[in-house]
Novice: 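First the structure, then my questions, so here it is.
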Amino acid sequence: MGVKGVLWPYFFRGARQNQSQYRTHCLACINARRPNNVPIDVDMDASLMAAQPWFNAGVLVALKASSNKGSVRGDASAMLHHLVSCPNVAAAVCKVAVCEKERLEKLKKGRNGGKDNDGSEGDDEADAGPSQPPKRQRLEATKQMLKQTHLKVFKGINIPFSASEKAAVQAQFMRATISANLPFRWTDDPEVISLFLMMQATADEVIPERRLLSGKLLNTAANNIDQVIHESVHRKHVSILYVHDNSHNSVTGVHIARRGKSYLVKLVKTNKQKKDGKSYCEFFLAVIDETEAVTGCIVVLFCCDNNGGSHKGRDLMPRKRPWLLVAPCCAHQFQLTLGDYFKENLIATEYAEQATGLIGWLLNHQKVCAIFDDVQLSKTNTVLAVIVANLTRWTTHFLAFNRLMTLKPSLCQAAILQQDEIIAAQVGAEKGRKEHDRLKTATEEHINLINNADFWKGLEDVLRDIEPICYGTNINQTDHTRLDEVLLTFAGIFRYFDAHAVHSVAQGMTKRIEKRWKALDQPIFIFALILNPYEGVSRFGKNAGINAFALNSAFLELYKRVNSCPDPSIPADELAELRATKEKAVSIAFMAYLAGRGLFRDWKEHEATFSETNGKDPILVWEQFLDDESVCELAEFAIMLLDLVVNQAGMERTFSDAKVKKTDRRNRMALHKLEKLSKHVRTGLVAASQKRKNHNSERVASLLEVPQYADLLDDSNGSDTDGDNPQPRRVLIKSKKDWRKEMKKWVEEEQAASDEDVNMSSDEEGVPGTSAAASRGPSKSRKFLPATLRKLFGGDGAAHPVDTTGTCTRQRAALDEES
């Protein structure tokens, strides 16, 4: 047997190097560097072995990087030299290699005639047969020289990246880094590089380094996002959302919202910002000016929370810029309504505290919790976790108490059948008598609470009351919540508590809800509802007492206010004339919309078909009227109003994401870099998390129900009669006869009201502390707004079941005992 015949069991045959030799790879070296659980198949073809990801990506790279490469030319002397000096080869193999090396040296010296003992060639790859004559050898050499060279074709994982592919891969690395909240250094991790090399042998050419990822690539990605924002909001009406970070960072975020999306514009550090109202007002106006200059948008509404000086600063803004609309975060308003409920309903507060204590007891004692989990697993084949209510996480009170109600059967069964085990798990190995008794008493109190039917009944009452509030909070913490939806949420919660079984709770809650509604800029919400073609005035109650002319007057007042921004590019006289023309056109179009005349005549007939095809998007309806000169101004104003956003949920999500990105280990990250990373979250370039379903679909329809009235009634003006069946009079006129009749009545009411003002002023003249307005008493006001929720939506009680059997009596009795 030849020398290489003895050596081949210790080598892997690679690609052919020339006519007689192959590239060889030491199996000991391969075995030392191959991944775990990957077998070595010695008989595997070289091309198949080269196609293995772990071989090319892991082994060859490691071998090339090491001092002892483990890959040698297929020459007997080279193979022997490697085995003798390789640290990965076993001692027995090394001994064989030494013997073969000595035998090869003897062969080279000409001993045995250049032949091995068995007569075979030592250095040949295979039997070459009888030696060829010199002429034949020269001929074969000439043929080989003239033979066409083989094209090198890359296969599989060896295909290199082009320049465009490299740029695309690196851009995707940037997006993946932001989406998964990974540190910039993750691309420098050797294990990550090895992972990508297993999938693509040339991946190391496109994996960006940390500095490239956090520098050029991040800046390019941020510039692309800025371009997307600019194209989306340029010369468009938007809302600005401003919110403080609750952490110690004193960072403020500025968002702009349009068409159901919010975009991060800037993160600002406000450590040196003065906290008084005047300073905040100046700062807010500067933010608006900068945002309009950078993005080219037109800011219509400014929304911020009621945190200290920001509330005062927001209220000062319309005094300096009357055309600017301002509003607090309405999502916060509904979350604060939950606090109002627990202030007004002391019994609900007690049940909530007991439920919170029970939840804390279960979570703080793992052995006790394990017993309840085992019972739950045996009953339902699943284990649901206990949820903790958190003040800073909206709706978690409802979620926590609702989960506790879901776990009620398992908790009650364990408390009855395994009471001794629960006590033993709680007490444990405590030997102190005093501490032992304390732990036992505490456990028995919680077990008794679980077995208390009144507790579960009270908790059920609390859940029924707070679910509409939490559902309203859920509705109002999305980027696409419209002003009309905010108003209907207020109306739904008001109607629910107006019909509450406990009079004190009903009275206190309606008063608090009215107070929050009064603090808002009511016209923008009311006219957003009216200008919703699917709603109109159908939601207003029978006691609203509205009419077309009162609505038109209030609407024109709002329109003039929003469009009062000065335009230096147009002379004052021309601007006044232009505005007067637009106001007249808007007034006529608005009255036609209310009456269902002109272009709006066929809307009700085709409303169902349009909504079935396109969904109930009021903006989409108004966009169909933009090409008509007679109603285009009204359509643009309606779209602007329906597109405004009055919640900071998008900005809150940005801060939540920023807290994940800027951790304790990355606390030195610069603010501008954090801003660039956060911009991707709110622009849709990062996949949104899946929405959760927190409410029963069967109850959702009735939680915040505000009924639609077939006819808008005005009780003060009586009704038209037809024989014995009186017919309610429509306020919305749809004929010339009704128009003249309504106009005549309107003029008479205005004259009567004016005469009454004069008479009251003369009668009260000389009486200190009395005004004509205060003396009119219940007489009808000429101004439609402001209006209370009771006036707008009052009437029939809320359509929810009212427990009058025992809840009211039980709660009042408990209150009497406490007092």
Side-chain angles (χ1 to χ4, degrees), residues 228-229 232-244 252-266 284 287-288 291-292 295 297-307 310-311 314 317-318 323-336 394 472-490 516-517 519-529 531-532 535 558 562 616-620 622-623 636-656 678-679 681-684 688 691:
V228 171
I229 296 175
S232 301
V233 304
H234 182 63
R235 300 185 65 84
K236 306 295 183 182
H237 296 98
V238 301
S239 305
I240 276 194
L241 314 177
Y242 175 92
V243 67
H244 295 279
T252 295
V254 180
H255 264 226
I256 53 178
R258 170 174 164 77
R259 297 298 172 90
K261 292 184 179 180
S262 64
Y263 306 94
L264 175 63
V265 177
K266 192 175 184 180
F284 290 160
V287 167
I288 292 176
T291 303
E292 289 181 337
T295 64
C297 64
I298 304 172
V299 177
V300 179
L301 182 139
F302 184 88
C303 176
C304 70
D305 52 23
N306 288 334
N307 183 15
S310 60
H311 185 187
R314 185 189 67 224
M317 293 172 69
W323 58 87
L324 186 64
L325 304 176
V326 296
C329 176
C330 289
H332 281 90
Q333 296 301 308
F334 293 110
Q335 177 66 9
L336 294 174
W394 300 345
T473 305
N474 273 335
I475 292 175
N476 287 273
Q477 60 177 340
T478 61
D479 296 329
H480 51 76
T481 303
R482 303 187 305 269
L483 298 180
D484 58 307
E485 294 172 327
V486 176
L487 175 55
L488 289 177
T489 306
F490 268 107
R516 298 194 181 280
W517 163 244
L520 299 178
D521 191 352
Q522 294 184 8
I524 62 175
F525 295 91
I526 292 176
F527 285 107
L529 178 60
L531 290 174
N532 183 344
E535 301 291 350
L558 174 62
V562 174
K616 287 192 173 183
D617 184 2
I619 295 180
L620 184 60
W622 281 108
E623 286 177 345
E636 290 178 358
F637 188 79
I639 291 173
M640 180 272 293
L641 210 57
L642 291 167
D643 197 29
L644 298 180
V645 177
V646 288
N647 70 74
Q648 301 169 309
M651 192 68 241
E652 295 286 359
R653 295 187 185 96
T654 297
F655 277 132
S656 298
S678 301
K679 283 184 177 182
V681 179
R682 306 304 308 157
T683 51
K691 292 180 174 59

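Numbers here are sequence positions counted from 1. Scope of the values below: all heavy atoms of this structure, side chains included, with no hydrogens, waters or symmetry mates.
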Novice: When rounded to the nearest 0.5 angstrom, what distance separates CD in E485 from CG in N532?
Specialist: 8.0 Å
Novice: Are any of the side-chain heavy atoms of L487 and W517 separated by less than 4.5 Å?
Specialist: yes
Novice: Out of V299, V238, I298, which one pairs with V233 under the side chain to side chain contact (heavy atoms under 4.5 Å, CB included) rule?
Specialist: V238
Novice: With a 4.5 Å cut-off on side-chain heavy atoms, are R516 and F490 touching?
Specialist: yes
Novice: Under the ring pair (Phe, Tyr, Trp, His ring centres under 6.0 Å) rule, collect the residues that match up with H234, sequence neighbours excluded.
Specialist: H230
Novice: Taking S239 for its side chain and L301 for its backbone only, find out whether a donor-acceptor pair lies under 3.5 Å.
Specialist: no
Novice: Looking only at heavy atoms, what is the nearest atom pair of S262 and G650, with distance?
Specialist: OG-CA, 3.8 Å
Novice: Any side-chain heavy-atom pair from R314 and N306 closer than 4.5 angstrom?
Specialist: yes
Novice: Could you tell me whether a side-chain N or O of T478 sits under 3.5 Å from a main-chain N or O of N474, the two making a donor and an acceptor?
Specialist: no
Novice: Among D643, D617, D479, find the one that has a salt bridge (charged side-chain N to carboxylate O under 4.0 Å, His left out) with R259.
Specialist: D643
Novice: Does any part of the side chain of M651, heavy atoms only, come nearer than 4.5 Å to the side chain of L264, both counted from C-beta?
Specialist: yes
Novice: Roughly how far, to the nearest 0.5 Å, is the CG atom of L520 from the CD1 atom of I526?
Specialist: 10.5 Å
Novice: Does W622 reach the main-chain N or O of L642 with its side chain, forming a donor-acceptor pair under 3.5 Å?
Specialist: no
Novice: Parallel, tilted or perpendicular for F284 and Y242, by the 30°/60° rule?
Specialist: perpendicular
Novice: Output all residues satisfying side-chain hydrogen bond (donor to acceptor under 3.5 Å, both in side chains) with N647, sequence neighbours left out; order by chain, then residue number.
Specialist: none
Novice: Taking all non-hydrogen atoms of both residues, which atom of T252 and which atom of F655 are closest, and how far apart?
Specialist: C-CZ, 4.0 Å
Novice: Testing the basics here: between I524 and L483, what is the closest heavy-atom pair and its distance to 0.1 Å?
Specialist: O-CD1, 3.6 Å
Novice: Please list, chain by chain and in numerical order, all residues satisfying salt bridge (Lys or Arg N to Asp or Glu O under 4.0 Å) with D521, sequence neighbours excluded.
Specialist: R561
Novice: Run the side chain to side chain contact (heavy atoms under 4.5 Å, CB included) test on T295 and Y263 for me, step by step, so that the C-alpha distance in whole Å, both residues' side-chain angles and the decisive distance to 0.1 Å come before the verdict.
Specialist: CA-CA 11 Å; T295 64; Y263 306 94; over 6 Å; no
Novice: So, the side chain of R258 versus the backbone of S232: is there a donor-acceptor pair under 3.5 Å, distance only?
Specialist: yes
Novice: Under a 4.5 Å cut-off applied to non-hydrogen side-chain atoms, are T291 and K266 in contact?
Specialist: no
Novice: Between atom NE2 of H255 and atom SG of C303, what is the distance when rounded to the nearest 0.5 Å?
Specialist: 12.0 Å
Novice: Check whether any side-chain heavy atom of P618 sits under 4.5 Å from a side-chain heavy atom of L531, and report yes or no.
Specialist: no
Novice: Run the side chain to side chain contact (heavy atoms under 4.5 Å, CB included) check on F637 and V562 step by step: do they pass?
Specialist: CA-CA 9 Å; F637 188 79; V562 174; 4.0 Å; yes
Novice: Measuring only between side-chain heavy atoms, which start at C-beta, is P318 closer than 4.5 Å to L324?
Specialist: no
Novice: Is the shortest heavy-atom distance from the side chain of Q333 to the side chain of V486 under 4.5 Å?
Specialist: no
Novice: What distance separates I256 CD1 from K261 NZ, expressed to the nearest 0.5 Å?
Specialist: 12.5 Å
Novice: How many angstroms lie between CG in L336 and SG in C329, if you round to the nearest 0.5 Å?
Specialist: 9.0 Å
Novice: What is the distance from atom SG of C297 to atom CD1 of I240, rounded to the nearest 0.5 Å?
Specialist: 6.0 Å
Novice: If I compare all heavy atoms of Q648 with all of C304, which pair ends up nearest, and what's the gap?
Specialist: NE2-CA, 3.1 Å
